[in-house]
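These figures come from a predicted structure and were not determined experimentally.
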Amino acid sequence: MLRPQERRLAMFERAAYTRIDDCKLVQFPETDTGKGPLVSLEVEEVLPFPIRRMYYFKRGQADIARGNHANFENQQLIIAIQGSFEVVLMDGHAEKVVELNKANEGLIIREGIWRTVQHFSQDAIGLVLCSHPYDPQDYWGDFQGYLAWKRGGGMV
């Protein structure tokens with residue numbers, strides 16, 4: 001069993017080498033029940049992690065971006081359950097913009113990936129399923145420091 005300090009170092013190292021290609025869009029089955037569509041998420045078939053936290057966000061001010069951080073350990077699934085928004089993924093080497101606008105589609109974001117959520121539609125609501133409970137020490141919010149960390153192979 002790893003001691004807390006060893007576990008933290010292993011977590012930093014693993015997150016240092018994740019790339020945006022490790023993130024992926026996943027589809028959920030949508031069924032017409034005769035009363036309207038029903039979208040179901042078979043968690044164990046779709047997610048590479050157990051759900052330990054869940055939250056949702058609504059569009060704030062139209063020109064304000066959200067997120068603007070990376071997590072060292074937490075992984076997330078983000079779903080636009082209403083409206084649309086963009087998720088900008090960065091890994092220190094590449095950038096990718098993913099538009100989420102379908103309630104039966106979600107984006108898995110791996111640990112160590114910087115994300116910014118932006119360009120919200122007027123009615124946007126996003127649902128986020130997380131692999132870990134909230135921990136302020138799991139967040140990297142300084143973009144320049146993040147870039148140095150990712151480009152330096154995980155050195156902190």
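Applying the ring pair (Phe, Tyr, Trp, His ring centres under 6.0 Å) rule to Tyr55 yields no partners; only residues at least two apart in sequence or on another chain are considered.
Looking at every heavy atom in both residues, Phe57 comes nearest to Val128 through CE2-CG2, 3.7 Å. Of all heavy-atom pairs between Arg110 and Arg115, the closest is O-NH2, 4.0 Å. Residues Gly92 and Lys150 come closest through the heavy atom pair CA-CB, 4.2 Å. Contact record, Ala124 with Ser84: CB-O, 3.6 Å, taken as the closest heavy-atom pair. The two residues Cys23 and Ile113 come nearest to each other via the heavy atoms SG-CG1, 3.8 Å. Residues Ser121 and Gly83 come closest through the heavy atom pair OG-CA, 3.3 Å.
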Applying side chain to side chain contact (heavy atoms under 4.5 Å, CB included) to Phe143 and Met90, what does each step give before you reach the verdict? CA-CA 10 Å; Phe143 187 65; Met90 291 171 271; 3.8 Å; yes

Intermediate values then yes/no, side chain to side chain contact (heavy atoms under 4.5 Å, CB included), Val98 and Leu25: CA-CA 9 Å; Val98 178; Leu25 278 173; 3.9 Å; yes

If you apply the rule side chain to side chain contact (heavy atoms under 4.5 Å, CB included), what do you find for Lys58 with Phe120, and how did you get there? CA-CA 9 Å; Lys58 295 180 179 182; Phe120 300 92; over 6 Å; no

Carefully, step by step, assess Ile108 and Val26 under the rule side chain to side chain contact (heavy atoms under 4.5 Å, CB included). CA-CA 7 Å; Ile108 295 175; Val26 291; 3.9 Å; yes

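Arg53 places none of its side-chain heavy atoms less than 4.5 Å from the side chain of His132. The side-chain heavy atoms of Leu100 and Leu107, taken from C-beta on, include a pair separated by under 4.5 Å. Side-chain contact check for Pro48 versus Gln75: some heavy-atom pair is nearer than 4.5 Å. Between Glu86 and Val117, the closest side-chain pair of non-hydrogen atoms is not below 4.5 Å. Considering only heavy atoms from C-beta on, Leu77 comes within 4.5 Å of Leu47 through its side chain. Counting heavy atoms from C-beta outward, Glu111 and Thr18 have side chains that approach closer than 4.5 Å. Counting only heavy atoms from C-beta outward, the side chains of Leu127 and Ile78 never approach each other to under 4.5 Å.
Using the six-membered ring where Trp is involved, Phe72 and Trp140 have ring planes that are perpendicular, over 60° apart on the 30 and 60° scheme. Relative ring orientation between Trp114 and Tyr146 is described as tilted, the plane-to-plane angle lying within the 30° to 60° band.
Between the side chains of Asn74 and Asp138, no donor N or O sits under 3.5 Å from an acceptor N or O. Donor-acceptor pairing under 3.5 Å is recorded for the side chains of Arg19 and His93.
Looking only at distances, no side-chain donor or acceptor of Thr31 sits under 3.5 Å from a matching main-chain atom of Thr33.
The hydrophobic cluster containing Phe28 also contains Met54, counting ILVMFWY residues as joined when their side-chain heavy atoms lie under 4.5 angstrom apart, directly or transitively. Hydrophobic clustering places Val46 together with Val39 (ILVMFWY residues linked when any side-chain heavy atoms are closer than 4.5 Å, directly or through intermediates). Both Tyr56 and Ile51 sit in one connected hydrophobic cluster of ILVMFWY residues. Membership requires side-chain heavy atoms under 4.5 Å apart, directly or through other members. Tracing side-chain contacts under 4.5 Å through hydrophobic residues (I, L, V, M, F, W, Y), one reaches Val97 starting from Leu147; they form part of the same cluster.
We find the CZ-CG distance between Arg151 and Asp91 to be 9.0 Å, quoted to the nearest 0.5 Å. For the atom pair CD of Glu95 and OG1 of Thr116, the computed distance is 8.5 Å after rounding to the nearest 0.5 Å.
Centroid-to-centroid, the aromatic rings of His119 and Phe85 stay 6.0 Å apart or farther.
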